[in-house]
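Structure first, commentary second.
Along the sequence shown, the residues carry numbers beginning at 1. The figures here come from the full heavy-atom set of this structure, side chains too, leaving out hydrogens, waters and symmetry mates.
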Amino acid sequence: MKSILARTLQTALAPALALALATPLMAAEPAAPTKPDLAKGQATAQVCAACHAADGTRGITANPILQGQHPEYLVKQLTEFKAGKRQNPIMQGMAASLSEEDMRNVAAFYASKQAEPGAATDKELVQLGEKIYRGGIAERNIPACAGCHSPTGAGIPAQYPRLSGQHAEYTSSQLNAFRAGTRANSAQMTGVAAKMNDREIKAVSDYIAGLR
């Protein structure tokens with residue numbers, strides 16, 4: 001009797017079992033990222049105000065202007081500070097407590113601000129800076145900065161930052177850091193800076209400060 005009942009159940013369940021085995025499991029679709037919260041980003045930015053001003057504007061010249069910077073690029077840099085891929089004791093400490101959501105929020109806040117224009121100050125070097133930025137130095141295989149950062153310095157989101165109007169002191173310090181190997185989160189920039197001398201770095205940094 002039990003044997004007959006078992007065979008009956010097996011026969012009844014076989015089609016359903018076969019269908020289940022033949023049907024691939026539907027993978028759950030990843031949740032769409034939430035839209036950045038500018039209010040929360042502004043709250044986070046207040047912690048950064050001592051070095052970058054309340055809205056990322058023209059603060060201390062040794063620190064970057066964050067206004068109008070691509071949010072993808074800012075998130076990338078904060079992520080690399082947190083991971084130790086980009087070295088800076090202050091920024092590593094600041095990034096350590098930020099979640100991915102915090103980073104996206106504060107980056108979106110800075111990106112939402114209109115960047116203020118800057119100005120070149122070294123008239124003797126500005127022509128050399130323009131030559132390097134727009135045409136590179138062919139005899140030493142130094143590419144034009146405009147090739148990646150655009151002729152206006154607008155950059156390309158995520159990969160190449162906006163440069164126009166950036167503090168000359170900050171740009172110069174970063175090129176020197178790439179050249180020395182103390183900033184090592186861009187092999188491309190390390191290769192470019194390694195071929196530049198002090199005068200060329202100063203010239204292109206000053207030109208970028210007035211680029212718009």
Side-chain angles (χ1 to χ4, degrees), residues 30-121 133 145-175 177-178 183 185-186 188-189 204-212:
T34 56
K35 187 177 180 180
D37 188 320
L38 296 186
K40 289 182 178 179
Q42 183 174 11
T44 300
Q46 301 316 298
V47 182
C48 315
C51 294
H52 298 288
D55 58 357
T57 187
R58 309 189 68 80
I60 301 170
T61 59
N63 299 322
I65 297 166
L66 302 179
Q67 258 185 356
Q69 187 57 269
H70 302 304
E72 301 91 340
Y73 180 77
L74 291 177
V75 169
K76 178 177 184 290
Q77 299 309 303
L78 286 169
T79 301
E80 291 179 352
F81 277 126
K82 185 171 183 176
K85 186 175 180 180
R86 181 174 175 184
Q87 299 290 316
N88 180 288
I90 295 175
M91 283 306 305
Q92 285 177 273
M94 297 295 290
S97 62
L98 297 179
S99 66
E100 183 178 342
E101 182 181 7
D102 293 332
M103 293 179 188
R104 290 194 299 107
N105 289 339
V106 75
F109 169 72
Y110 287 132
S112 71
K113 301 299 178 181
Q114 181 68 40
E116 296 180 12
T121 59
Y133 188 89
C145 310
C148 294
H149 297 283
S150 93
T152 62
I156 300 173
Q159 193 67 22
Y160 304 114
R162 173 191 172 92
L163 295 182
S164 56
Q166 187 57 263
H167 292 309
E169 182 181 352
Y170 176 74
T171 301
S172 179
S173 72
Q174 296 310 296
L175 286 171
F178 279 124
R183 179 173 174 180
N185 68 331
S186 171
Q188 185 175 6
M189 282 306 306
V204 78
S205 298
D206 193 58
Y207 175 73
I208 285 169
L211 189 60
R212 61 187 70 183

To the nearest 0.5 Å, what is the distance between [atom1] on [X] and [atom2] on [Y]?
X: S172; Y: Y170; atom1: OG; atom2: OH; answer: 12.0 Å
X: R104; Y: T79; atom1: CZ; atom2: OG1; answer: 11.0 Å
X: K76; Y: S186; atom1: NZ; atom2: OG; answer: 6.5 Å
X: Q166; Y: T61; atom1: CD; atom2: OG1; answer: 10.0 Å
X: R58; Y: I65; atom1: CZ; atom2: CD1; answer: 3.5 Å
X: L74; Y: Q77; atom1: CG; atom2: CD; answer: 8.0 Å

Can you tell me if [X] uses its side chain to pair, donor with acceptor, with the backbone of [Y] under 3.5 Å?
X: E72; Y: Q159; value: no
X: N105; Y: K40; value: no
X: D206; Y: T121; value: yes
X: R183; Y: R86; value: no
X: Q114; Y: G68; value: no
X: K113; Y: T57; value: no
X: T171; Y: S205; value: no

Just so I know, are the side chains of [X] and [Y] near enough to count as touching, which here means a heavy-atom distance under 4.5 Å?
X: L78; Y: M91; value: yes
X: N185; Y: F178; value: yes
X: F109; Y: D55; value: yes
X: P161; Y: H70; value: no
X: L211; Y: L163; value: no
X: C148; Y: Q188; value: yes

Intermediate values then yes/no, side-chain contact (heavy atoms from CB on, under 4.5 Å), E101 and D37:
CA-CA 9 Å; E101 182 181 7; D37 188 320; 5.8 Å; no
How about E100: does its CD atom have over 12 heavy atoms from other parts shown lying under 6.0 Å from it?
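No, not enclosed.
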How about CD1 on I90, more than 12 heavy atoms from neighbouring residues, nucleotides or ligands closer than 6.0 Å, or not?
no
On the 0 to 90° scale, with breaks at 30° and 60°, tag the Y160-H149 ring pair as parallel, tilted or perpendicular.
perpendicular
Carefully, step by step, assess C145 and Y207 under the rule side-chain contact (heavy atoms from CB on, under 4.5 Å).
CA-CA 11 Å; C145 310; Y207 175 73; over 6 Å; no
Which heavy atom of [X] sits nearest a heavy atom of [Y], and at what distance?
X: L175; Y: M189; answer: CD2-CE, 3.6 Å
X: Y110; Y: C48; answer: OH-CB, 3.3 Å
X: P64; Y: H52; answer: O-ND1, 3.1 Å
X: G118; Y: R212; answer: O-NH2, 2.5 Å
X: A45; Y: A54; answer: CB-O, 4.0 Å
X: Y133; Y: G153; answer: OH-CA, 3.2 Å

Quick one: list whatever passes salt bridge (Lys or Arg N to Asp or Glu O under 4.0 Å) with K85, sequence neighbours left out.
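Result, salt bridge (Lys or Arg N to Asp or Glu O under 4.0 Å) vs K85: E80.
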